[in-house]
Novice: 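What follows is a structure written as structure tokens; I'll ask about it next.
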Amino acid sequence: PPHWSPGTTIMAVEFDGGVVMGADSRTTTGAYIANRVTDKLTPIHERIFCCRSGSAADTQAIADSVTYQLGFHSIELDEPPQVQTAANLFKEMCYRYREELMAGIIVAGWDKRRGGQVYTVPVGGMMTRQPVSVGGSGSTYIYGYVDSNYRTGMSREECLQFTAKALSLAMERDGSSGGVVRLAVISEQGVDRQVILGNQLPRFSAA
Amino acid sequence: EHPKMSASQVKGVSTGTTILAVRFRGGVVIGSDSRASIGGEYVSSRVINKLVQVHDRIFCCMAGSLADAQAVTKMAKFQLSFLSIQMESPPLVKAAASVLKELCYRNKDELQAGFITAGWDKKKGPQVYTVSLGGMLVSQPFTIAGSGSTFIYGYVDAKYKPDMSREECMQFATNALALAMGRDNVSGGVIHLVVITEDKAEHVIVPGNKLPKFHDE
């Protein structure tokens with residue numbers, strides 16, 4: 001049977017007051033696009049989401065497990081969990097089972113202690129906080145763009161534009177990424193989800 | 001689109017590298033990093049010049065196995081100087097690219113080298129050609145290649161504009177190379193640029209401490 005892989009592009013950016021997360025929507029089995037409208041932005045808690053890349057089976061299983069653990073922890077604590085806690089739970093699982101898993105996850109959200117935060121848990125199980133993080137097969141093509149265009153202190157709108165543009169560029173070059181761009185903004189007010197359809201994506205005049 | 005080549009697949013000294021060439025109003029800029037490595041573990045030269053002059057106004061830069069690239073460019077240089085004597089005029093940029101393409105295509109099983117050719121000639125002015133690993137020849141307004149190029153596809157797609165001025169073009173090339181060198185561990189060192197116009201071919205070096213810096217540095 002063909003190998004089922006979500007070649008993908010995922011991204012998350014911190015801004016003052018929250019985070020913007022984005023992903024493409026293509027899932028491929030070999031050359032066939034099994035799902036062209038995949039939702040790779042997965043809720044873990046009310047104001048904590050994760051972007052998944054790597055084996056879909058692995059990342060779904062990990063996300064389900066972390067969602068359960070975090071929900072339980074939040075009830076015990078009697079307050080919303082911290083993003084850092086969610087990231088740690090992902091890290092624990094990804095590191096402990098690193099030989100069996102193929103999972104690259106970006107955890108992002110808002111909590112009242114540290115505001116908007118982005119944590120990356122790449123394949124292997126390391127965990128680190130970054131103001132901007134990209135992942136998935138399409139991410140290699142946009143490191144240069146992200147490095148040169150990211151500035152600290154961007155507004156919510158600027159972050160949305162930046163993420164949409166970066167994802168469009170990656171989708172244009174990576175055969176395993178494509179479809180629509182799904183965005184989610186997480187802040188104190190809650191979660192605001194958007195979809196940018198293929199024909200509305202930013203265009204570039206490259207050769 | 002030629003297949004990505006990982007440094008570990010090339011035996012011996014390889015130019016895990018970032019190279020590019022961009023056309024602007026009146027000329028071309030061809031540029032590269034300066035690192036040569038063995039298997040991505042040891043930097044065998046940190047100041048190598050990958051920009052080879054094959055004729056007065058035609059340069060090429062090489063990616064892949066350094067030995068292959070040197071052998072091919074030496075052969076190409078010879079063939080081109082012979083050609084320009086026969087034709088009694090400077091060779092066309094397309095002719096130079098074609099010579100490289102023939103060598104790469106005819107010997108595709110033995111060779112592991114890809115080339116970018118750029119220059120100026122009287123017939124078509126400034127031109128950029130790319131010869132891929134298997135020997136495909138394509139003309140483009142700009143092109144990037146080498147292991148470090150994967151990281152800057154997004155950047156060059158977003159930032160390239162046709163008909164730039166010489167300064168804008170040099171800045172574009174410098175920024176793109178610096179970004180790639182910042183992310184690719186087998187690209188690095190200094191930036192070599194050659195600006196080719198009708199009048200001359202000018203070699204510019206941007207040393208390590210003068211490279212553009214980005215937000216996380």
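So you know, we letter chains A, B, ... as the sequences are listed, proteins then strands, and number each from 1.
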Novice: Quick check for you: to the nearest 0.5 Å, what is the distance between A/Tyr143 atom OH and B/Phe151 atom CZ?
Specialist: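 A/Tyr143 OH to B/Phe151 CZ: 7.0 Å, rounded to 0.5 Å.
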Novice: Would you find more than 12 non-hydrogen atoms of other residues, nucleotides or ligands less than 6.0 Å from A/Arg114 atom CZ?
Specialist: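 More than 12 within 6.0 Å, yes.
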Novice: Give a yes or no on this: more than 12 heavy atoms of other residues, nucleotides or ligands lie within 6.0 Å of atom OH of B/Tyr105.
Specialist: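 Not buried by this count: 12 neighbours or fewer within 6.0 Å.
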Novice: Can you tell me how far apart OG (A/Ser148) and CD1 (B/Ile152) are? Round to the nearest 0.5 Å.
Specialist: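 So the gap between those two atoms works out to 10.5 Å.
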Novice: Can you confirm whether more than 12 heavy atoms, excluding those of A/Asp16, are under 6.0 Å from its CG atom?
Specialist: no
Novice: Got a second to check how far A/Ile142's CD1 is from B/Leu179's CG, nearest 0.5 Å?
Specialist: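 Answer rounded to 0.5 Å: 13.0 Å.
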Novice: Hey, what do you get for OG1 (A/Thr140) to CG (B/Asp184), rounding to the nearest 0.5 Å?
Specialist: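 The CG atom of B/Asp184 is 11.0 Å from OG1 of A/Thr140, to the nearest 0.5 Å.
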Novice: Give, for atom OH of B/Tyr155 and atom CG of A/Leu169, the distance between the pair rounded to the nearest 0.5 Å.
Specialist: 12.0 Å
Novice: Are the side chains of B/Thr150 and A/Tyr141 in touch, meaning some heavy atoms are under 4.5 Å apart?
Specialist: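 Result yes, sub-4.5 Å side-chain heavy-atom pair found.
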Novice: Specify the closest pair of heavy atoms between A/Tyr145 and B/Ala158, including all atoms of both residues, with the distance to one decimal.
Specialist: CE1-CB, 3.5 Å
Novice: Would you say the side chain of B/Arg183 lies within less than 4.5 Å of the side chain of A/Val146, judging by non-hydrogen atoms?
Specialist: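 Of all side-chain heavy-atom pairs linking B/Arg183 with A/Val146, none is under 4.5 Å.
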Novice: Just how far is it from atom CZ of A/Arg173 to atom CG of B/Asp157, taken to the nearest 0.5 Å?
Specialist: 4.0 Å
Novice: Looking at A/Glu46, I'd like to know if its CD atom is crowded, meaning that more than 12 non-hydrogen atoms belonging to other residues, nucleotides or ligands lie closer than 6.0 Å.
Specialist: no
Novice: Quick check: are there more than 12 heavy atoms from other residues, nucleotides or ligands sitting under 6.0 Å from CZ of A/Arg36?
Specialist: no
